[in-house]
Amino acid sequence: MIDLRSDTVTRPDDAMGEAARTAEVGDDVYGEDPTVNELERRAAEAVGMDAALYVPTGTMGNQIAARTHTDRGDELLCERTSHIYNWEVGGLAQLSGLQVRSVDGGARGVIDPETIHGELVERSDHRPGTELLALENTHNQKGGVAITAEEIDAAAAAAADHDIPTHVDGARLFNASVALDTPAPRLLENVDSVMFCLSKGLGAPVGSMLAGEEGFIARARRNRKLFGGGMRQAGVIAAPGIEALGNVERLAEDHENARALAAGLDAIDGLSSQSPDTNIVLVETRGPAERFVERIAGEGVRASAFGEHTVRLCTHWDIDDEDVEGAIESVERAMD
Ligand code: TLP
């Protein structure tokens, strides 16, 4: 089976297993797990922020960020197809009492500064007040689009004009960084917080990081406990996370494989696919996406239906160029 449903399906390698087995641990709720502390230090450095917090999932990282930046009843502005709004079980409403104002970010999923100026709501006796702008990089649902530093700067500057902070859902931030050849700290120069996942292209079995300035992370740490994410001897899972931070450059292979996959699928009658920026390939199918996913599963390829006629395939750490060739051949057979 060639599993292209997500880059979350990867298995840890021997180095990660060994790191987990030999990790020095302590109680992280007391701040005493040296491995978690080391991961938090290195993660903050990797994104050019003051401090970082280890969280079990990307979803929790995003939700803690939203909770920490806002008060109940506030509004959060985000792109219409963003993960934080569409795929996190309505957590913004359920966990933080937020109302979402979603706007169209076009083909790339970027909110332009004019839209931000026009959509932000000033707090009054009648209106909630927008208190957070959330961006996503890479943009998952738009097909792993790598948002440039200039695009992020422009959006964050528009929000900052209204004293509103910007959070980046950077589940795949390092994919953007590698694709654009822009260091992650530069991509985040003008934003207030970022979440990135160790458990996607970087290959760790579990874990994500939330980073920002010192005071923000201190408040976020309290909210992590509130959301049930205070872990104990978490060094066992943080140690593979430290290994994962060393896998950034390898992401270029996933991007190359994704481009080859998209080209191969686009050449098949009844399918179309554009060359991706990073590791996410979107394929438009003539028939229903669900049916296409079933048919290719019968030929040994797993993918995710992402819309009525859209299917997502992700390349990742367990997929090499032979798997890509094999996947294209299997899809060809399924389409016969
Ligand atoms: N996304 C998953 C699915 O939920 C769609 C995937 O397979 O891509 N932000 C973005 C942009 C994400 O794509 C994801 C995961 C998350 C946040 C949440 O991360 P986890 O799964 O660790 O909670």
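Counting from 1, the numbers follow the sequence of the chain as shown.
With hydrogens and angles disregarded, no donor-acceptor distance shorter than 3.5 Å links the side chain of Thr130 to the backbone of Leu77. For the pair Asp169 (side chain) and Asn62 (backbone), a donor-acceptor distance under 3.5 Å is absent. A donor-acceptor contact shorter than 3.5 Å links the side chain of Asn137 to the backbone of Ile147.
A 6.0 Å sphere centred on CZ of Arg333 holds more than 12 heavy atoms belonging to other residues, nucleotides or ligands. By the 6.0 Å contact criterion, CG on Asp269 is open, its count of non-hydrogen atoms from other residues, nucleotides or ligands being 12 or less. Other residues, nucleotides and ligands contribute over 12 non-hydrogen atoms within 6.0 Å of the CD atom of Glu18. For Arg222, the CZ atom counts as loosely surrounded, since its 6.0 Å shell holds 12 or fewer non-hydrogen atoms of other residues, nucleotides or ligands. The neighbour count for Glu290 CD, taken as heavy atoms of other residues, nucleotides or ligands under 6.0 Å away, does not exceed 12. In this structure, Glu256 places its CD atom where only 12 or fewer heavy-atom neighbours from other residues, nucleotides or ligands lie under 6.0 Å away. Applying the 6.0 Å contact sphere to CD of Glu189 captures more than 12 heavy atoms from other residues, nucleotides or ligands. No more than 12 heavy-atom neighbours from other residues, nucleotides or ligands sit within 6.0 angstrom of CZ on Arg291.
Within the structure, ring pair (Phe, Tyr, Trp, His ring centres under 6.0 Å) contacts touching residues 212-250 (residues at least two apart or in different chains) are His69-Phe216. Every pair tested for ring pair (Phe, Tyr, Trp, His ring centres under 6.0 Å) that includes a residue from residues 312-336 fails, sequence neighbours excluded, so the list is empty. Within the structure, ring pair (Phe, Tyr, Trp, His ring centres under 6.0 Å) contacts touching residues 133-189 (residues at least two apart or in different chains) are His117-His162, Phe174-Phe196. Legend: ring pair (Phe, Tyr, Trp, His ring centres under 6.0 Å) pairs involving residues 2-33, not counting sequence neighbours: none detected.
Across all non-hydrogen atoms, the minimal contact from Ile116 to Ala158 is CG2-CB, 3.8 Å. When all heavy atoms of Ile2 and Asp323 are compared, the closest pair comes out as CD1-O, 3.4 Å. The minimum heavy-atom distance linking Arg224 with Ile64 is given by the pair CA-CD1, 3.4 Å. In plain terms, the two heavy atoms of Leu4 and Ala327 that are nearest each other are CD1-CB, 4.1 Å. Closest approach of Leu271 and Val331 over heavy atoms only: CD1-CG1, 3.8 Å. In this structure, Pro240 and Ala19 approach most closely via the heavy-atom pair N-CB, 4.3 Å.
Counting heavy atoms from C-beta on, the side chains of Arg221 and Glu40 come closer than 4.5 Å. Using a 4.5 Å heavy-atom cutoff, the side chains of Asp321 and Asn257 are in contact. Proximity of His255 to Pro276: side-chain heavy atoms (C-beta onward) are nowhere separated by under 4.5 Å. At least one side-chain heavy atom of Arg67 sits less than 4.5 Å from a side-chain heavy atom of Leu226. Using a 4.5 Å heavy-atom threshold, the side chains of Val145 and Thr138 count as separate. Residues Val191 and Ser193 fail the side-chain proximity criterion, which asks for heavy atoms closer than 4.5 Å. In this structure the side chain of Val168 never reaches within 4.5 angstrom of the side chain of Met195, judged on heavy atoms. At a threshold of 4.5 Å between non-hydrogen side-chain atoms, the residues Val55 and Met209 do not count as touching.
Side chains of Asp33 and Gln233: no donor on one and acceptor on the other come within 3.5 Å. No hydrogens or angles considered: a donor-acceptor pair under 3.5 Å links the side chains of Thr148 and Glu151. Neither side chain, Arg127 nor Ser124, offers a donor N or O lying under 3.5 Å from an acceptor on the other. Checked by atom type, the side-chain pair Asn86/Arg80 shows no donor-acceptor distance below 3.5 Å. Side chains of His83 and Glu88: a donor-acceptor N/O pair is present below 3.5 angstrom, by distance only. Using modelled atom types, one finds a donor on one side chain and an acceptor on the other under 3.5 Å when comparing Asp7 with Asn279.
Note on Glu299 versus Arg295: no salt bridge recorded, every NZ/NE/NH1/NH2 to OD/OE distance being 4.0 Å or above. For the pair Arg108 and Glu79, the salt-bridge criterion is not met [side-chain N within less than 4.0 Å of a carboxylate O].
Trp87 belongs to no multi-residue hydrophobic cluster, having no ILVMFWY side-chain contact under 4.5 Å with any other such residue.
Note that the OG atom of Ser330 and the CD1 atom of Ile296 stand 8.5 Å from one another [nearest 0.5 Å].
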Give every donor-acceptor pair under 3.5 Å between a side-chain atom in residues 280-288 and any protein atom, sequence neighbours left out.
unit_1: Glu284; atom_1: OE1; unit_2: Thr310; atom_2: OG1; d: 3.2
unit_1: Glu284; atom_1: OE2; unit_2: Thr310; atom_2: OG1; d: 3.2
unit_1: Thr285; atom_1: OG1; unit_2: Gly287; atom_2: O; d: 2.8
unit_1: Thr285; atom_1: OG1; unit_2: His309; atom_2: O; d: 3.4

